[in-house]
Number of protein chains: 2
Amino acid sequence: MADRSPILPGTLDLLVLKTLSVGVLHGYGIAQHIHRLSREALSVEEGSLYPVLQRMETKGWVTSEWKQSPTNRQARYYRITAAGRRQLGAEEANFHKSVAATTRVLRGAES
Amino acid sequence: MADRSPILPGTLDLLVLKTLSVGVLHGYGIAQHIHRLSREALSVEEGSLYPVLQRMETKGWVTSEWKQSPTNRQARYYRITAAGRRQLGAEEANFHKSVAATTRVLRGAES
DNA sequence: CGCTATACCTAGCGTCCATATGTATAGCCC
DNA sequence: GGGCTATACATATGGACGCTAGGTATAGCG
C-alpha cells in the first residue's frame, strides 16, 4: 500500500532549508510552499514538519520567532542561519551526487 | 571509506531488483554490481543487504537457490520473479517522479 | 453559530538502513 | 602449515526518520 509517493526519505531537511533560504516563513507556509513548487507531488505532513523544525532549531540551522500572520493569527516564523545555509549546501550537493549514482545503476551503464 | 556515501534511503529494494533484472546473482555479487555501476559511490552494507533479500523473497519478488559459485564456494543465488519485475517497474517510476518533484523545489521555480 | 482554513504540537508506531559481530571456506604466499 | 585476504552468508541491536492519529486554538464567513 505504499505507492502514494510522499517525500523521498532523507530529503525533508533539505526541502525545508531550501524553502527557508528564499525567505522567512512559518511552518504551515513552508508546507504549502513545498507542495506548490512540487506541483502537488510532495506533501509535507505536519507530524513530520514540526518535529523537524524543532530539531533544526536545536542544531542551530534555523531560528524562530512568534509573529502575527497576514491572517491575524499567531504563527512561529523561521529564519535560516549561516550554519543552516552551510548545511543546505552540503545536503544539496550530496543529494545530487546520490541521485546521479542511483540513476547510473538504474540505467544499467554496462551492457 | 573514501567514498563514504550511503544509498538514498528507500532505494535499496529498487537497486537490488534492478540488478537482478539483468541476471541471476548471489548477495555478494549484487553488492559488487551496485558498487561498480555507481562508480564506487554507493556501498550496500551486508547488514542491510541480506535482510532485504530475505524480505523480498517473503514477498515473492525473488526466489533463491544454493549453488556453487565460480570460486568453489556455496552461495545463495537470487532470481527475480514476475511480481518482482512489476514491483521494480512501479518503484522505478515512483523514484523518477519523486526526484523530479524534489528537483523542482530545489530549483526554486519562483523567486 | 457552525464550518472551513489556518496554525501549532505531541505520542506512538513501523520501516529502514548501518554497525557490530559471528561463522565459514578457498586460494595464495611464505 | 600458518597466516592472510577475499569471498560469502547471517543476525542482533539501535538510531533516525517520517507517518498516523490525535489534540488545541483562532479568524473569517455565511
Side-chain angles (χ1 to χ4, degrees), chain A residues 1-17 24-36 42-59 62 64-78 87 91 94-95 98 102, chain B residues 1 3-17 24-36 42-59 61-62 64-78 87 91 94-95 98 102:
Chain A
M1 44 190 60
D3 288 327
R4 296 265 300 169
S5 105
I7 65 171
L8 284 171
T11 65
L12 183 52
D13 285 8
L14 176 55
L15 291 170
V16 170
L17 288 173
V24 176
L25 274 177
H26 55 266
Y28 196 83
I30 293 169
Q32 287 184 319
H33 175 90
I34 293 171
H35 190 65
R36 194 176 65 254
L42 305 179
S43 290
V44 178
E45 303 302 326
E46 302 194 341
S48 311
L49 178 62
Y50 294 112
V52 106
L53 284 169
Q54 289 166 14
R55 272 202 308 275
M56 293 200 303
E57 187 163 20
T58 298
K59 289 175 180 171
V62 300
S64 72
E65 186 188 2
W66 282 100
K67 278 190 194 170
Q68 193 83 357
S69 82
T71 56
N72 283 340
R73 266 180 260 82
Q74 287 296 333
R76 190 187 286 274
Y77 279 79
Y78 289 89
Q87 180 67 18
E91 285 195 26
N94 184 67
F95 173 74
S98 293
T102 303
Chain B
M1 318 231 293
D3 297 310
R4 197 78 198 97
S5 156
I7 65 172
L8 283 171
T11 64
L12 183 53
D13 285 8
L14 176 55
L15 292 170
V16 170
L17 288 173
V24 176
L25 276 177
H26 55 265
Y28 196 83
I30 293 170
Q32 286 184 317
H33 175 90
I34 292 171
H35 190 66
R36 193 176 67 253
L42 306 179
S43 290
V44 178
E45 303 301 326
E46 302 194 339
S48 311
L49 178 62
Y50 294 111
V52 106
L53 284 169
Q54 289 167 13
R55 202 175 80 235
M56 294 199 303
E57 187 162 19
T58 298
K59 288 177 178 169
W61 298 346
V62 301
S64 73
E65 186 188 2
W66 283 99
K67 278 190 194 168
Q68 195 84 356
S69 81
T71 56
N72 283 339
R73 267 182 258 82
Q74 287 296 330
R76 191 187 284 275
Y77 279 79
Y78 289 90
Q87 181 67 19
E91 286 194 27
N94 185 68
F95 173 75
S98 292
T102 302

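Here B:Gly47 lies in heavy-atom contact (under 4.0 Å) with a base. Among the heavy atoms of the strands, none lies under 4.0 Å from B:Gly29. Nucleic acid contact for A:Thr11: sugar-phosphate only, since backbone atoms but no base atoms lie under 4.0 Å from a heavy atom of the residue.
For B:Tyr77, the ring pair (Phe, Tyr, Trp, His ring centres under 6.0 Å) test picks out B:His26, with sequence neighbours left out. The side chain to side chain donor-acceptor pair (under 3.5 Å) search around B:Glu57 returns B:Ser64, not counting sequence neighbours. In this structure, the side chain to side chain contact (heavy atoms under 4.5 Å, CB included) partners of B:Gln74, at least two apart in sequence or on a different chain, are B:Trp66, B:Gln68. Considering only residues two or more places apart in sequence or on other chains, A:Arg55 meets the side chain to side chain donor-acceptor pair (under 3.5 Å) condition with none of them.
Considering all non-hydrogen atoms of both residues, B:Tyr78 and B:Val62 come closest at CD2-CG2, 3.9 Å. Contact record, B:Ser69 with B:Thr71: OG-OG1, 2.8 Å, taken as the closest heavy-atom pair. The two residues B:Tyr28 and B:Tyr50 make their nearest non-hydrogen contact at N-OH, 3.7 Å.
Nucleotide D:dG18 holds its C1' atom 13 Å from the CD1 atom of A:Ile34, rounded to whole Å. Residue B:Leu49 contributes atom CG, which lies 13 Å from atom P of D:dA8 at whole-angstrom precision. At whole-Å resolution of the value, CZ in B:Arg76 and C1' in C:dT23 are 15 Å apart. Computed from coordinates, the A:Glu57 CD to C:dC9 P distance equals 9 Å when rounded to whole Å. One atom, OH of A:Tyr50, and another, P of D:dG18, lie 16 Å apart when rounded to the nearest Å. The interatomic distance linking B:Tyr77 (OH) with D:dC9 (C1') rounds to 13 Å, in whole Å. Between A:Trp66 atom CH2 and D:dA25 atom P there is a gap of 13 Å when expressed in whole angstrom units. Taking atom NE2 of B:His26 as the reference point, atom P of D:dA10 lies 12 Å away to the nearest angstrom.
In terms of position along DNA chain D, the nucleotide closest to B:Gln74 lies nearer the 5' end than the nucleotide closest to the other residue of the pair A:Ser48 and B:Gln74. In terms of position along DNA chain D, the nucleotide closest to B:Ala75 lies nearer the 5' end than the nucleotide closest to the other residue of the pair A:Leu12 and B:Ala75. Each of A:Gln54 and A:Ser69 was matched to the nucleotide of DNA chain C holding its nearest heavy atom; the match closer to the 5' end belongs to A:Ser69.
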Extract from the structure each pairing of a protein N or O with an N or O of nucleotides 26-30 of chain D at less than 3.5 Å, listing the distance.
from   : atom 1 : to      : atom 2 : distance (Å)
D:dT26 : O2     : A:Arg73 : NE     : 3.1
D:dA27 : O4'    : A:Arg73 : NE     : 3.3
D:dA27 : O3'    : A:Thr71 : O      : 3.4
D:dG28 : OP1    : A:Asn72 : ND2    : 3.0

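Here the side chain of B:Glu45 is nearest to one of C:dA18, C:dA7, D:dA10, namely C:dA18.
Taking 4.5 Å as the limit, some side-chain heavy atom of B:Phe95 sits within range of a side-chain heavy atom of B:Leu8. Side-chain atoms of A:Ile30 and A:Val44, non-hydrogen and from C-beta on, never get closer than 4.5 Å to each other.
Each end of the helix from C:dC1-D:dG30 to C:dC30-D:dG1 gets its own rotation axis from five pairs of C1' atoms, and the angle between them is 10° to the nearest 10 degrees.
At least one donor-acceptor pair closer than 3.5 Å links the side chain of A:His35 to the backbone N or O of A:Leu42.
Counting atom types as modelled, B:Glu46 pairs a side-chain N or O with a base atom of D:dC9 as donor and acceptor under 3.5 Å.
One finds no side-chain N or O of B:Arg55 lying less than 4.0 angstrom from the OP1 or OP2 phosphate oxygen of C:dT15. The side chain of A:Tyr28 contributes an N or O atom lying less than 4.0 Å from OP1 or OP2 of C:dT6.
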